[in-house]
Asks: 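This is the structure I have questions about; it appears just below.
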Amino acid sequence: MVSAALVVAAVAGAGPVVVRVFRLLRVYRASASMVSARTGDRVGLLRARSAAVRVAVRQRRRHRRDTAAAQYDRP
C-alpha cells in the first residue's frame, strides 16, 4: 500500500515537471526554426549578392576586352 502511494505521489510530482519541459521544448523548437529560417534567408541574399558581383566582374572584363580591341583597330 505504501509503495502504491509513493508511485502515485511520484507521478503527481513529475507531471508538472514533464508539462513544463514539453512547453520549453516547444518554445525552443520555435526559436530554432526562426533562427534557421533567418539564417537561410541571409545565406540566400549573400549568394545572390556574390552572383551579382560575379556577373558585374565578368561584364567589366568583357567590356574592357572589347574596348581594348577597338582601340587597336583604329587607323
Side-chain angles (χ1 to χ4, degrees):
M1 188 69 159
V2 175
S3 61
L6 287 175
V7 169
V8 169
V11 169
V17 172
V18 169
V19 169
R20 184 170 177 135
V21 166
F22 279 126
R23 270 194 210 145
L24 290 173
L25 285 175
R26 186 174 37 196
V27 169
Y28 172 76
R29 195 175 324 136
S31 299
S33 174
M34 185 177 58
V35 167
S36 176
R38 185 171 173 124
T39 302
D41 290 345
R42 298 192 95 182
V43 167
L45 287 173
L46 185 61
R47 285 182 179 169
R49 286 179 183 163
S50 64
V53 168
R54 284 194 303 267
V55 168
V57 168
R58 196 175 309 133
Q59 287 177 347
R60 186 171 170 94
R61 285 181 181 165
R62 188 178 304 140
H63 178 71
R64 271 190 165 173
R65 193 175 29 210
D66 292 344
T67 57
Q71 289 175 353
Y72 291 120
D73 290 341
R74 291 185 188 161

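Worth knowing before you read on, the calculation uses all heavy atoms, side chains too, and leaves out hydrogens, waters and symmetry mates. Predicted model, so just to flag it, every value in this text is computed and none were measured. We number each residue from 1, following the sequence as shown.
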Asks: Can you tell me how far the CZ atom of R62 sits from the CD atom of Q59, to the nearest 0.5 Å?
Replies: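 R62 CZ to Q59 CD: 6.5 Å, rounded to 0.5 Å.
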Asks: If we ignore hydrogens and angles and just use 3.5 Å, is the side chain of S31 paired with the main-chain N or O of V27 as donor and acceptor?
Replies: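 Yes, because the side chain of S31 sits within donor-acceptor range (under 3.5 Å) of the backbone of V27.
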Asks: Report yes if some heavy atom in the side chain of V57 is under 4.5 Å from a heavy atom in the side chain of V53; otherwise report no.
Replies: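 Touching, per the 4.5 Å side-chain cut-off.
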Asks: Between atom CZ of R38 and atom CE of M34, what is the distance when rounded to the nearest 0.5 Å?
Replies: 8.5 Å
Asks: Are F22 and V17 in one and the same hydrophobic cluster, where Ile, Leu, Val, Met, Phe, Trp and Tyr link if side-chain heavy atoms are under 4.5 Å apart?
Replies: yes
Asks: Treat each ILVMFWY residue as a node, draw an edge where side-chain heavy atoms are under 4.5 Å apart, and state whether L25 and V18 are in one component.
Replies: yes
Asks: Once side-chain contact (heavy atoms from CB on, under 4.5 Å) is applied, do any residues pair with R47, and if so which ones, sequence neighbours excluded?
Replies: V43
Asks: Please confirm whether the backbone N or O of V35 pairs with a side-chain atom of T39, one donor and one acceptor, at under 3.5 Å?
Replies: yes
